[in-house]
*Asks:* 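Pasting a structure here, questions to come.
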Number of protein chains: 4
Amino acid sequence: MTKIRIGIIGAGRIGKIHTENLLRLPEVEVKAVSDLFAGPELKAWADERGIRTLTTDSADLINDPEIDALFICSSTDTHVPLIKQAAEAGKHVFCEKPVSMDIDQTEEAIEAVRKAGVKLQIGFNRRFDHNFKRVREHIAGGTIGEPHLVKITSRDPNPPHRDYIRVSGGLFMDMAIHDFDMARFLTGSEVSEVYAQGSVMIDQAFAEFGDIDTAVTFLRFENDVLGMIDNSRKAVYGYDQRVEVFGSGGSVSVANDHPNTAVVSTSEGITSDKPLHFFLERYNEAYVEETKRFIDSLVNGTPLAVDGTDALQAERIALAAKLSQKLNRPVKLSEISELRKQVTFAH
Amino acid sequence: MTKIRIGIIGAGRIGKIHTENLLRLPEVEVKAVSDLFAGPELKAWADERGIRTLTTDSADLINDPEIDALFICSSTDTHVPLIKQAAEAGKHVFCEKPVSMDIDQTEEAIEAVRKAGVKLQIGFNRRFDHNFKRVREHIAGGTIGEPHLVKITSRDPNPPHRDYIRVSGGLFMDMAIHDFDMARFLTGSEVSEVYAQGSVMIDQAFAEFGDIDTAVTFLRFENDVLGMIDNSRKAVYGYDQRVEVFGSGGSVSVANDHPNTAVVSTSEGITSDKPLHFFLERYNEAYVEETKRFIDSLVNGTPLAVDGTDALQAERIALAAKLSQKLNRPVKLSEISELRKQVTFAH
Amino acid sequence: MTKIRIGIIGAGRIGKIHTENLLRLPEVEVKAVSDLFAGPELKAWADERGIRTLTTDSADLINDPEIDALFICSSTDTHVPLIKQAAEAGKHVFCEKPVSMDIDQTEEAIEAVRKAGVKLQIGFNRRFDHNFKRVREHIAGGTIGEPHLVKITSRDPNPPHRDYIRVSGGLFMDMAIHDFDMARFLTGSEVSEVYAQGSVMIDQAFAEFGDIDTAVTFLRFENDVLGMIDNSRKAVYGYDQRVEVFGSGGSVSVANDHPNTAVVSTSEGITSDKPLHFFLERYNEAYVEETKRFIDSLVNGTPLAVDGTDALQAERIALAAKLSQKLNRPVKLSEISELRKQVTFAH
Amino acid sequence: MTKIRIGIIGAGRIGKIHTENLLRLPEVEVKAVSDLFAGPELKAWADERGIRTLTTDSADLINDPEIDALFICSSTDTHVPLIKQAAEAGKHVFCEKPVSMDIDQTEEAIEAVRKAGVKLQIGFNRRFDHNFKRVREHIAGGTIGEPHLVKITSRDPNPPHRDYIRVSGGLFMDMAIHDFDMARFLTGSEVSEVYAQGSVMIDQAFAEFGDIDTAVTFLRFENDVLGMIDNSRKAVYGYDQRVEVFGSGGSVSVANDHPNTAVVSTSEGITSDKPLHFFLERYNEAYVEETKRFIDSLVNGTPLAVDGTDALQAERIALAAKLSQKLNRPVKLSEISELRKQVTFAH
């Protein structure tokens with residue numbers, strides 16, 4: 001069997017996770033890794049895993065004729081140029097979210113991929129989570145009838161460092177974008193209008209960069225389904241990732257995952273351990289699964305689970321949310337092209 | 001011991017519940033009941049309970065010098081005139097919600113009560129529910145630090161009859177008003193701005209009367225806390241009444257009450273019984289408790305748990321929500337006096 | 001309507017509970033109360049409730065021709081003589097458990113009742129609990145197929161006073177007897193063999209009186225179903241009352257009831273309040289229900305929910321458990337008549 | 001780094017699981033596999049995993065000087081001779097449970113290992129389960145004070161094939177032996193006395209071979225802690241593996257793991273998916289963990305998590321349970337040497 005040969009661009013935390021998961025697939029060889037800061041430590045890491053090439057230049061991977069597909073795990077501003085170059089070089093692409101903070105750029109990347117006839121999967125890993133998949137199955141299978149309401153809770157255990165806040169693109173583009181994708185994934189419907197509000201409740205660093213740390217977003221879908229999302233940058237009890245969908249035939253909801261099921265009863269009360277701490281723990285298996293699905297699409301031609309259009313739509317919702325929060329009024333997705341000419345963001 | 005003598009105006013379902021609960025209090029005598037449709041059946045009911053007077057005219061109760069306090073359980077349009085008459089006659093009043101669908105009228109009722117120096121408690125029964133009281137205790141006690149987000153789910157098991165829909169005042173004034181009061185009760189803060197959206201997903205009768213059956217409402221509080229409420233007129237699995245408050249130190253949430261804790265495991269899955277069916281079952285003890293608190297205020301001078309101002313504030317939020325939904329824009333509470341001059345509602 | 005007239009013998013905690021519950025039934029008059037220690041406080045209590053007669057002599061009630069039925073809530077040693085006297089006087093009897101610690105005596109009481117043609121209901125209140133009733137419904141309705149295993153957990157929040165320990169009849173006769181009745185109630189089957197073991201883990205006062213405070217009991221039913229019961233006199237987290245029945249088609253289990261559904265998530269973990277504290281809170285509604293069922297049997301001739309034979313069978317299992325624990329061997333119910341001639345107990 | 005070289009004896013389901021888990025450890029090489037029925041399919045499987053040697057003769061592995069340790073995953077009757085041979089060849093051993101159905105044989109194996117100075121870990125995988133580890137941590141950490149009661153539920157989703165029933169050693173030695181080990185693990189105490197009862201409720205094949213399919217076992221520990229275990233060969237809702245430990249300071253319990261947290265509410269009730277189906281799903285991570293712990297002991301000299309004595313003690317409890325069930329009386333562990341001379345078993 002000829003193995004699929006993969007190149008990894010960007011060997012930070014998420015790049016390493018994808019590498020480890022790819023190494024568990026017998027039909028895959030991780031041939032090369034590029035990272036701007038590749039040093040002895042990364043060299044040792046690559047050697048232990050039998051990765052042949054380590055370079056600081058992503059072009060080495062893009063130009064390597066042996067490489068079939070690239071995982072783009074570098075910073076967001078590099079995504080679009082790298083997708084274009086990869087597409088031109090005829091390589092399939094797995095790209096982390098968001099593709100870009102500029103929806104025109106994202107459209108260009110999608111167009112490049114389309115022209116080249118290569119595949120592009122986006123790292124919306126939560127679609128592969130065992131809980132959210134089960135919710136989707138119930139909705140698609142009609143368990144709860146026609147959906148009426150979608151509620152998503154998405155809270156991080158700790159705010160990012162201020163250096164990250166500065167360049168993150170803001171809560172809606174950086175964090176809630178996962179939830180916007182989830183809303184589309186669960187309902188199978190498109191959003192038509194957005195209203196968002198935010199506050200700075202946790203850390204004034206967010207205010208400093210024109211950002212917020214606590215937000216609520218309202219979505220109206222084209223089929224009149226209503227959606228609600230709440231986000232916080234700091235839930236002291238851990239990563240909080242829940243959804244509920246309510247419809248004509250009932251509701252389905254998922255709670256957090258916990259490290260164990262132990263319940264302690266003492267004279268003080270009934271206690272259990274906090275949820276799994278953060279995305280690495282909670283979405284561990286989802287990362288494995290999304291990698292499998294991408295490779296499966298390359299090997300067997302199965303449809304992509306998340307493609308460039310999914311990235312674009314989530315980014316459009318995020319932009320609408322940013323505009324809505326800034327203008328304090330509901331924003332239709334059909335208005336965003338016009339509105340963003342009038343509005344400038346600190347981030 | 002001289003007993004407190006009570007008159008009940010309106011002996012429908014809720015009037016009867018209050019009567020039964022009052023009869024269990026040793027310091028109370030239910031002396032008289034008035035109901036427009038008093039007939040032989042109601043006569044038998046009153047006799048069995050040792051109630052001395054049954055009349056079709058509420059004035060008989062208002063003018064009875066032996067009666068200390070009145071429970072106003074008649075239709076909403078009668079509340080304000082009855083409160084004024086009762087206040088002038090020097091009688092304390094327990095009035096069902098809403099006091100009025102016109103906030104000017106509610107203000108007049110409050111003023112009448114203030115002038116007469118009598119007490120007015122409003123039937124926001126959910127404040128007395130064991131679950132919501134516990135949430136309030138945790139927030140007031142600082143368990144979750146400073147609140148950041150309040151989420152309220154409030155769904156009925158079945159829509160009302162179309163005759164009721166026609167005069168209900170609409171989802172926000174009739175149903176969500178309880179949730180607006182809950183938001184104020186839980187946070188101890190005032191709402192400054194509202195945004196509401198609605199759909200007709202369940203029954204076209206709602207559309208016919210310019211009403212909606214599914215709604216989401218966003219609240220911004222004066223202290224920047226954000227609130228989200230979702231309402232549905234039909235949850236097929238039963239009455240769904242939950243809240244979650246999230247803050248700097250964690251979160252507190254309450255689930256529905258169930259008729260039993262039985263869990264059945266079969267080859268089909270794990271199953272338990274639906275929540276308590278509707279408000280009579282769920283808030284059974286809350287009705288007892290609100291009655292006790294009112295009587296306690298009369299007998300011992302303890303502060304009222306819910307007064308006229310609480311009614312007014314909830315009505316103002318409901319009006320803002322109606323305006324917001326109609327205008328599809330966020331509405332500040334400071335705008336409602338002006339805006340309602342410009343907007344007319346079907347209901 | 002002629003009311004059923006009731007006399008209460010023994011106005012301790014449980015006698016007062018039955019009285020309050022009877023007072024809520026429109027078809028009942030509590031005419032008289034007898035208590036050995038009737039004083040001014042009890043007089044005031046009776047007056048407030050409109051009870052006409054208060055006496056120190058139970059014979060006054062037994063001989064009162066107006067009284068239809070007696071609630072025997074006095075100490076266990078008085079049960080059998082009082083049942084016999086009541087039966088001879090033609091009065092129906094509700095008697096607290098156990099009828100007697102001597103199964104011959106219990107048989108005599110049952111015989112007296114049978115001869116007189118009066119009704120005898122036993123205070124196995126847990127049969128009327130909403131949770132256990134639901135388990136029984138599932139088993140009777142075939143939800144879990146043929147039962148294979150029955151597991152009962154029954155733990156008190158605090159051990160009784162040493163004065164009570166001395167005369168209690170021991171853990172099996174005083175406390176586990178409820179669980180023996182529950183095992184019969186849930187399965188609808190008879191026990192054929194018992195094995196019991198115990199330890200003193202909590203308080204040496206139990207050892208002093210030849211008793212134990214921690215016990216496990218195995219039951220074999222005539223149809224080969226196996227049962228397991230665990231008892232403790234002290235669960236620091238509150239009253240612990242759960243059952244699970246496992247069968248060919250699945251299992252059904254019930255958890256404890258809690259005062260509210262609030263769940264608090266903080267950096268320390270996830271916490272909720274302890275279960276309802278003790279039997280008065282947990283079985284509040286069950287006490288109401290058993291009273292209703294007894295009155296209903298008197299008024300409408302419906303079958304008794306728990307009769308004298310149920311008392312006898314539970315006592316026989318308790319005796320087998322005592323014998324088993326003392327002899328450290330399984331004891332068949334068919335052996336107990338013979339074995340108890342050979343064994344003497346400290347209690 | 002020199003890698004630890006492993007040989008796998010027996011490449012059935014469990015042998016393959018250990019192999020996969022070992023292959024994920026960078027410090028390990030799986031050099032050789034022996035299996036009586038090694039054919040082309042197993043050859044392909046071994047080749048894909050880079051395993052150099054595949055043989056039908058376990059002696060090839062025992063005599064291979066390059067191999068450091070052996071995983072004995074063949075049938076129970078081969079365990080003791082293989083352990084002895086491996087020990088004599090100076091190889092460390094990981095052996096599946098039980099070591100033997102004859103405790104004398106187990107003692108001989110332990111003695112051989114002791115003499116040779118090699119390590120022997122037993123495959124009591126449940127000690128490594130995330131839930132049971134957490135229970136043990138709470139007990140060891142004093143969260144629940146002094147233990148009083150231990151309750152273990154252990155039910156399989158489906159009975160084994162009749163060919164397996166015939167040679168299994170019976171429910172106590174084959175299935176409950178895990179629970180006997182769990183009881184020792186959780187309490188850190190030794191069992192002194194056992195009482196067991198069983199029934200055939202599921203499949204007459206068990207009766208045919210003198211076995212049972214439903215059992216309850218009572219344990220008394222040397223420190224008077226009481227234990228209860230219930231076993232069934234068929235829980236239609238899936239693998240049921242729970243424990244509860246109750247003590248002076250409270251209790252700790254663990255529920256089953258589920259494939260997701262989805263809860264569906266419909267007009268029929270509240271439903272969720274069944275627990276993880278069987279041991280491969282439930283103990284997936286525990287198998288990984290036990291392998292790591294064994295390798296860690298070889299590489300870094302950390303203490304073994306489960307050694308030969310643990311196997312012996314669990315087997316002695318299982319033997320006591322078999323004797324008790326046959327004789328229908330409690331059996332002390334000190335009696336088993338004598339009693340088994342008098343009793344013969346069908347299996």
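Chain identifiers are assigned alphabetically (A, B, ...) following the order of the sequence lines, protein sequences preceding nucleic acid strands; residue numbering begins at 1 within each chain.
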*Asks:* Hey, is CD on D:Glu268 packed in by over 12 heavy atoms from elsewhere, all under 6.0 Å?
*Replies:*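 For D:Glu268, atom CD is not crowded (no more than 12 foreign heavy atoms under 6.0 Å).
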*Asks:* Please check if the number of heavy atoms outside D:Lys234 that lie under 6.0 Å from its NZ is greater than 12.
*Replies:*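 At most 12 heavy atoms, drawn from other residues, nucleotides or ligands, come within 6.0 Å of this atom.
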*Asks:* Less than 4.5 Å to any heavy atom of chain D: does that hold for the side chain of A:Arg49, its backbone, both, or neither?
*Replies:*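 Neither the backbone nor the side chain of A:Arg49 comes within 4.5 Å of chain D.
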*Asks:* Which one of A:Ala255, A:Pro259, A:Ser267, A:Gly247 has the most heavy-atom pairs closer than 4.5 Å to chain D?
*Replies:* A:Ala255
*Asks:* For D:Glu66, look at atom CD and say whether over 12 heavy atoms of other residues, nucleotides or ligands are found less than 6.0 Å away.
*Replies:* yes
*Asks:* Using non-hydrogen atoms only, which part of D:Arg242 is less than 4.5 Å away from chain A: side chain, backbone, both, or neither?
*Replies:* neither
*Asks:* Report which part of D:His138 has an atom under 4.5 Å of a heavy atom belonging to chain A: side chain, backbone, both, or neither.
*Replies:* side chain
*Asks:* Can you tell me how far CD of D:Glu20 sits from CZ of A:Arg24, rounded to the nearest 0.5 angstrom?
*Replies:* 10.0 Å
*Asks:* Report the option among D:Gly250, D:Ser251, D:Gly249 that has the most heavy-atom pairs separated by less than 4.5 Å from atoms of chain A.
*Replies:* D:Ser251
*Asks:* Atom CD of D:Glu244 and atom OG of A:Ser265: how far apart are they, to the nearest 0.5 Å?
*Replies:* 8.0 Å
*Asks:* Which heavy atom of A:Val252 sits nearest to which heavy atom of D:Ala262, and what is that distance?
*Replies:* CG2-CB, 4.3 Å
*Asks:* Report the option among A:Val263, A:Asp129, A:Val254 that has the most heavy-atom pairs separated by less than 4.5 Å from atoms of chain D.
*Replies:*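 Going by pairs under 4.5 Å, I would pick A:Val263.
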*Asks:* Any idea which of A:Thr261, A:Asn260, A:Ile270 has the most non-hydrogen atom pairs under 4.5 angstrom with chain D?
*Replies:*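 With the most close heavy-atom pairs to chain D, the winner is A:Thr261.
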*Asks:* Take atom CZ in D:Arg5; do more than 12 heavy atoms of anything else shown fall under 6.0 Å from it?
*Replies:*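 Result for CZ/D:Arg5: enclosed.
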*Asks:* By a 4.5 Å heavy-atom criterion (distance strictly below it), what part of A:Asp273 contacts chain D: side chain, backbone, both, or neither?
*Replies:*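 Just the side chain, heavy atoms under 4.5 Å.
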